[in-house]
Q: 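Structure below; questions to follow.
For this chain, numbers begin at 1 and follow the sequence in order. Every value quoted in this text rests on a predicted model; they were computed, and no experiment measured them.
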Amino acid sequence: MPQTPRRARQVAALSLVFGAVLLAGAATGAWGDPSAPSRRASADLAPAAAGLPADPAGTALSEQQAEHLLAAGGDRWGAYYSAREYAEFSQGLDGRYLGVGLSVGRGEDGVTTVSQVTPAGPAAEAGIAPGDRLLRIDQDQADRLPVTEVVARLRGQGGERGVGSEVTLAVRRGDGQVRELRLRRVLLDSQQVTAERLDEADLRITVRAFTSGVAEQVRTALRAPHTGVVLDLRGNSGGLVDEAVGTAGVFLDGGAVGSYQERGEKRELTAPSGGDQRTPLVVLVDGGTMSAAELLAGALQDRSRAVVVGSRTFGKGTVQQPSRLADGAVLEMTVGRYYTPAGRSLDGTGLAPDVPAAVGEDADALALRVLAGLGTRA
C-alpha cells in the first residue's frame, strides 16, 4: 500500500513519538526508498516561530497547491498540514499522543512484533506484552501494511476528539494462542527519556525525541548516583530546539550550543549556565540521529565536552518556519540552516563520530570502553 503525501505528513508527526520504531522500519527495508518523503522526521521549528505567524497574504491553499509550491521551490523539508493535522503534531511536541500504548517493529522476516507496551495503557490492561505478534489491525493483515501505516492506525486521528475511538487487533502470544482484542484509544504521555544503569558506576540516558519537558527529565535522571554518563541519541528524530539547547545546558556551564540563519539574520543558541562539566560523557549516535539531536551532539563535540561514538548521523540541519493560512491550515517552509559552535553545517553530511563503531560492533559495549578510558575529570 503506497503512502500518499497526506500519509507521509502524518508519519512525519508520528516520528516524534515513535521515532525509534519508524527508523527501525526504515533500516529493515520496510519503507522502501529511504530518500522518500516518508523519512522526513520532526520539523525543528525556529525558536522565534512559537507564535505561529499568520500567512501575510491571508490566503488559503489547497493541499495540491501547497504541494506544488513546495516542489517548485525544491524545499525537501517543507510540509503542508491541515488544521487538524497540525494540532495533532503540536500535541506530539507537548509530549502527549493519542493511542493504545503499543509500539511495534518489523524484522527482516517481515513479521510485525510488539516491541514496547506502555504501563497502565489500554494495550497493557488487555494483556498485550512485548514479543507478541501483531497479526491484524482492524480487517487488514499487519504484515502487508508498511510499518508506518500500522503505527498510524494504532494512533488514530483527531487528537483529543479521538479519545474513546476503537481499534481491533488480532495478537498471537508466545504460546501460539490468538486473541482478538478491541481497544479504546486514550491520551498517553510519550516516554522520551529513560535512564538505566550500565554497571555499578555508569548511567545511560536515552532521549528518543525533544518534546516539551525533555531537558528537565534529563536533569532529573542525572540525580541518580553515577560516575560516568552515556547519552544515547540513536534514533532520536529531533523536535523542539529549545529542549535540545536546554539539554546541552545540563552538561555545559552556559556558552554556545549553535546558531541558525533565518532569512539572512544570524541567531545564537546559548545553553543555560550551571551544568555538570566534570562527569565523563559519551554521546551515542547513528544514522537515525536527526536535526536537533545532531545539533546537540555537535555542540558537545565542538566544545570538547563529550566523545561522540557510533556512526554518521542523518544530516538534517535546516530550520522550518510555520505560517498559518486563512483556513487554519499550516504551511511549513525551510528558512535557514543550523550551525554548530565551530560553524559547521551538518545538513546533507551529518556528524562524524569521534570513535566510529565497526559494522556489526556492539555500540553499547564500545561506548562503555570509551567511557572507561575517559576516567574522572579533575
Q: Might you work through the side chain to side chain contact (heavy atoms under 4.5 Å, CB included) test for R76 and K316, ending with a clear yes or no?
A: CA-CA 10 Å; R76 179 187 178 193; K316 179 184 182 294; over 6 Å; no
Q: Return the set of residues passing side-chain hydrogen bond (donor to acceptor under 3.5 Å, both in side chains) with S165 (not counting sequence neighbours), or none when no residue passes.
A: R185
Q: Under a 4.0 Å threshold between the charged nitrogen and the carboxylate oxygen, would D232 count as salt-bridged to R234?
A: yes
Q: L252 and side chain to side chain contact (heavy atoms under 4.5 Å, CB included): which partner among D276, L300, V245?
A: L300
Q: If you group Ile, Leu, Val, Met, Phe, Trp and Tyr by side-chain heavy-atom gaps below 4.5 Å, do Y339 and V241 land in one group?
A: no
Q: So which heavy atom on V282 is nearest to which on V370, and how close?
A: CG2-CG1, 3.8 Å
Q: Return the set of residues passing side-chain hydrogen bond (donor to acceptor under 3.5 Å, both in side chains) with R197 (not counting sequence neighbours), or none when no residue passes.
A: none
Q: Have T318 and D347 got a donor and an acceptor in their side chains that come within less than 3.5 Å?
A: no
Q: Residues two or more places apart in sequence or in another chain: which of them pass side chain to side chain contact (heavy atoms under 4.5 Å, CB included) with E180?
A: R136, T168
Q: Can you name the side chain to side chain contact (heavy atoms under 4.5 Å, CB included) partners of A71, sequence neighbours left out?
A: none
Q: Quick one, V257 with L296, criterion side chain to side chain contact (heavy atoms under 4.5 Å, CB included). Give me CA distance, side-chain angles, the key distance, then yes/no.
A: CA-CA 7 Å; V257 176; L296 171 60; 5.6 Å; no
Q: I need the full list of salt bridge (charged side-chain N to carboxylate O under 4.0 Å, His left out) pairs touching residues 220-229, with sequence neighbours left out, sorted by first then second residue.
A: E216-R223
Q: Using a strict cut-off of less than 4.0 Å between a Lys/Arg side-chain nitrogen and an Asp/Glu carboxylate oxygen, indicate whether R172 and D132 qualify as a salt bridge.
A: no
Q: Looking only at heavy atoms, what is the nearest atom pair of T279 and G228, with distance?
A: CG2-CA, 3.8 Å
Q: Side-chain donor-acceptor pairs under 3.5 Å in residues 119-128, sequence neighbours left out?
A:
none

Q: Keeping the roles fixed (side chain from H226, backbone from A224), state whether a donor-acceptor pair exists under 3.5 Å.
A: yes
Q: I'd like to know if the side chain of R173 reaches the main chain of Q177, judged simply by a donor and an acceptor atom lying under 3.5 Å from each other, with no hydrogens or angles considered.
A: no
Q: May I have the list of side-chain donor-acceptor pairs in residues 308-315 shorter than 3.5 Å, sequence neighbours left out?
A:
| from | atom 1 | to | atom 2 | distance (Å) |
| --- | --- | --- | --- | --- |
| R312 | NH1 | T349 | O | 3.2 |
| T313 | OG1 | E294 | OE2 | 2.7 |
| T313 | OG1 | L351 | N | 2.6 |

Q: Taking atom types as modelled, is there a side-chain donor on Q320 or T334 under 3.5 Å from an acceptor on the other?
A: yes
Q: Tell me whether V285 shares a hydrophobic cluster with V250, the cluster being built from Ile, Leu, Val, Met, Phe, Trp, Tyr side chains joined at under 4.5 Å.
A: yes
Q: Applying side chain to side chain contact (heavy atoms under 4.5 Å, CB included), can you list everything that pairs with L70, at least two apart in sequence or on another chain?
A: D75, L331, M333
Q: By side-chain hydrogen bond (donor to acceptor under 3.5 Å, both in side chains), which residues pair with R133, not counting sequence neighbours?
A: D143
Q: Who clusters with L135? Use side-chain heavy atoms, under 4.5 angstrom, across I, L, V, M, F, W and Y, and order the result by chain and number.
A: V178
Q: As an exercise, state the distance from OG1 of T118 to CG of L102, rounded to the nearest 0.5 Å.
A: 8.0 Å
Q: Closest approach of R324 and G328, non-hydrogen atoms and distance?
A: NH1-O, 3.0 Å
Q: Minimum heavy-atom separation for V150 to V104, with atom names?
A: CG1-CG2, 4.0 Å
Q: Go through the structure and list residues passing side-chain hydrogen bond (donor to acceptor under 3.5 Å, both in side chains) with E361, not counting sequence neighbours.
A: R369
Q: Suppose we screen for side chain to side chain contact (heavy atoms under 4.5 Å, CB included). Which residues come up paired with D109, at least two apart in sequence or across chains?
A: V111
